[in-house]
Amino acid sequence: MQNNRALIDIPDTHSRLFKTIGKVAEEAGMRVFVVGGYVRDYYLNRSIEQITDIDFVTVGSGIELAEKVARTLRAENISVFKQFGTAQVKYKELELEFVGARKESYRRDSRKPIVEDGTLEDDQLRRDLTINAMSWCLNPDNYGLLIDPFEGIQDLKRRVIRTPIDPETTFEDDPLRMLRAIRFASQLDFYVAEETLESIKKMAGRLSIISKERIADEVNKIVLSPVPSKGFDLLLETELLEQFLPEMVKLVGVDEIKGQRHKDNFWHTLEVLDNVAKVSDDLWLRWAAILHDIAKPPTKRFVDGVGWTFHGHDALGAKWVPRLFRRLGLPMDERMKYVQKLVRLHLRPIALVSDEVSDSAIRRLLYEAGDEIEDLMILCRADITSKNEWKVRKFQKNFDRVERRIKEVEEKDKIRNWKNPISGEEIMKELEVGPSPLIGKVKDRIKDAIMDGEIPNDYDAAYQYLVEIKDQYKETDLS
Ligand code: CTP
């Protein structure tokens with residue numbers, strides 16, 4: 001282990017707070033250090049002002065120091081986690097997390113209690129990555145001293161993700177760190193050191209002991225990184241992807257029959273994801289890109305004279321979305337429904353590019369997509385991944401036309417967020433029947449008449465239409 005000590009300036013932003021904490025520790029005869037993400041982000045020139053979580057490590061009891069700091073700062077909100085030896089002080093908009101230096105692994109979310117106290121160096125070497133193991137001393141005698149025993153600063157400069165000690169030990173302590181290594185590489189556009197990467201490949205299966213919620217947190221950070229394909233490429237290479245989303249691994253590969261090949265749907269999916277990432281930071285739109293072709297493998301067929309087809313992959317993929325979300329620990333609410341909708345509809349705008357497309361087809365898409373129509377168009381445009389620039393331009397122009405048509409039809413007919421102007425109650429009254437599946441049928445008939453432009457989208461026209469058709473249904477009901 002190499003000691004790399006140099007005096008640096010701590011940023012002004014929190015220097016009053018840091019000095020106070022240093023003084024409190026000094027008076028208690030303790031040493032205190034800022035550690036982890038805050039120090040890393042400072043050297044990455046990330047904006048420190050936006051940081052809300054600051055981690056402190058003390059040689060001694062983290063809980064005791066937190067209590068003293070809270071008293072001095074008059075911060076009333078303090079949470080103590082005895083079995084982890086940590087305490088959190090809420091101070092203004094900040095969450096100050098105190099932990100006693102440990103000899104054993106640093107595991108914030110583990111249920112296993114951590115008992116053995118250690119020195120600062122013991123603590124640093126059990127952290128996940130060299131770039132997360134740097135600290136600044138806050139005691140007055142050494143205020144601002146950088147303690148960087150594993151060359152974290154160098155790794156930041158060289159853009160390397162590396163564990164402080166033998167990667168297998170680091171990953172054995174907490175297998176989530178394998179995912180964290182890739183997450184940081186993807187977020188920061190760093191590369192993963194060979195030895196670290198090899199260990200991940202060897203130990204990928206250990207991810208199975210990690211909760212899906214912790215995995216989802218890291219995966220979502222990869223999805224939200226500037227060029228998410230970078231992270232997914234590493235996830236595939238290390239076989240971590242196989243652990244939590246094997247359906248995506250099945251997209252890899254190209255088949256050839258009679259000289260005809262289809263594209264590799266894994267790399268295509270990543271291109272679509274990167275294309276979406278260029279124009280949107282929305283996590284769920286990015287998930288829709290990841291899952292849009294997920295059901296291509298089981299729907300793949302080779303048809304003589306036609307070539308490769310993937311009929312129904314949109315509907316089947318949409319059907320899979322709830323199961324995948326549940327397994328991945330993603331929310332089972334309207335966000336899942338949104339992703340499901342985009343997966344289901346992702347081919348629909350392509351069917352609308354022809355000149356002769358009717359207003360009715362546009363109305364139906366508007367009705368089904370509702371407020372998601374713009375996001376659906378972003379996904380469709382991102383889905384154009386041809387290498388042929390002429391083709392790309394042509395497809396984009398087609399979508400320009402579809403968007404113009406959508407706008408025209410929406411202005412005219414107000415179909416987006418459409419609700420049937422006639423209620424079930426009114427239909428029951430008019431038909432003189434009670435609740436029955438018939439009511440749904442009549443409602444659909446009115447909807448179809450509006451979508452097909454047979455009648456205008458307003459109450460009077462719809463009511464009039466109901467009066468006209470009601471006898472047909474009365475008969476059906478009686479027969
Ligand atoms: N840490 C670790 N192993 C983990 C999680 C965290 O060693 N599995 C250590 C690292 O030193 C990390 C610090 O705990 O820097 C704080 O962790 P956390 O708040 O989760 O992450 P940050 O590094 O602050 O980064 P981010 O805010 O981007 O998640």
Side-chain angles (χ1 to χ4, degrees), residues 14 33-58 62 79 81 84-89 93-112 114 118 120-136 146-153 155-156 161-190 196 199-200 203 206-207 209-211 213-226 231 240:
H14 300 115
F33 307 84
V34 187
V35 68
Y38 188 94
V39 182
R40 177 198 67 223
D41 285 352
Y42 171 79
Y43 290 112
L44 280 170
N45 292 324
R46 279 178 164 183
S47 113
I48 292 295
E49 288 76 25
Q50 278 159 28
I51 292 187
T52 51
D53 293 0
I54 311 181
D55 292 305
F56 300 90
V57 61
T58 177
S79 323
F81 307 95
F84 305 125
T86 65
Q88 194 189 64
V89 177
E93 70 292 353
L94 297 173
E95 288 182 0
L96 313 173
E97 179 103 19
F98 291 86
V99 60
R102 293 139 175 199
K103 221 186 187 113
E104 275 307 312
S105 122
Y106 178 87
R107 279 195 269 183
R108 166 170 298 183
D109 303 329
S110 162
R111 259 168 272 131
K112 192 177 139 204
I114 292 156
L120 175 69
E121 278 197 349
D122 288 334
D123 187 277
Q124 282 175 301
L125 66 82
R126 299 315 289 251
R127 286 180 181 263
D128 59 352
L129 303 171
T130 58
I131 60 168
N132 287 341
M134 300 182 280
S135 64
W136 286 322
L146 167 70
I147 303 149
D148 177 21
F150 307 105
E151 301 186 344
I153 294 283
D155 286 349
L156 283 180
I161 296 296
R162 194 166 60 84
T163 54
I165 53 170
D166 163 43
E168 286 189 31
T169 310
T170 302
F171 296 146
E172 192 52 52
D173 281 348
D174 179 3
L176 183 75
R177 289 168 165 177
M178 299 187 280
L179 216 45
R180 279 174 64 90
I182 290 175
R183 184 259 282 196
F184 281 108
S186 191
Q187 275 183 328
L188 302 173
D189 192 21
F190 280 25
T196 303
S199 294
I200 301 179
M203 300 178 65
R206 300 285 295 148
L207 198 68
I209 65 162
I210 301 296
S211 75
E213 288 73 19
R214 290 185 80 206
I215 295 177
D217 272 354
E218 292 300 327
V219 173
N220 282 341
K221 285 180 181 170
I222 295 173
V223 175
L224 284 173
S225 56
L240 282 173

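In listed order, ligands and their atoms are each counted from 1. Here the structure is a predicted model, which means the values were calculated and not measured.
- Residues that satisfy the salt bridge (Lys or Arg N to Asp or Glu O under 4.0 Å) test with Arg180, not counting sequence neighbours, are Asp128, Glu218.
- Evaluation of the salt bridge (Lys or Arg N to Asp or Glu O under 4.0 Å) rule for Asp41 yields Arg46 as partners, not counting sequence neighbours.
- No side-chain donor from either of Thr130 and Glu151 sits under 3.5 Å from a side-chain acceptor of the other.
- In summary, the atoms of ligand 1 found under 4.0 Å from a heavy atom of Lys221, numbered by their order in the structure, are 29 (O).
- Close approach to Gly36 involves these atoms of ligand 1, each under 4.0 Å from a residue heavy atom: 15 (O).
- Ligand 1 lies less than 4.0 angstrom from a heavy atom belonging to Arg40.
- Residues Tyr43 and Leu146 meet the side-chain proximity criterion, which asks for heavy atoms closer than 4.5 Å.
- Here is the list of ligand 1 atoms found below 4.0 Å of a heavy atom in Gly37: 15 (O), 23 (O), 24 (O).
- With a 4.0 Å cut-off on non-hydrogen atoms, Asp174 touches ligand 1 through its side chain and not its backbone.
- By heavy-atom distance, the residue among Asp217, Asp53, Ile210, Asp55 lying nearest atom 16 (C) of ligand 1 is Asp55.
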Salt bridge (Lys or Arg N to Asp or Glu O under 4.0 Å) between Asp123 and Arg127, worked out | CA-CA 7 Å; Asp123 187 277; Arg127 286 180 181 263; 2.8 Å; yes
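- Across Leu188, Asn132, Val99, heavy-atom proximity to atom 11 (O) of ligand 1 is greatest for Asn132.
- Inter-residue side-chain proximity for Thr163 and Arg177 is flagged as unmet; no heavy-atom pair is nearer than 4.5 Å.
- For Arg183, the closest heavy-atom approach to ligand 1 falls below 4.0 Å.
- With distances taken over non-hydrogen atoms, the option nearest atom 20 (O) of ligand 1 out of Arg177, Met178, Arg180 is Arg180.
- Below 30°, between 30° and 60°, or above 60°: for Phe56 and Phe98 the angle between ring planes is below 30°, a parallel geometry.
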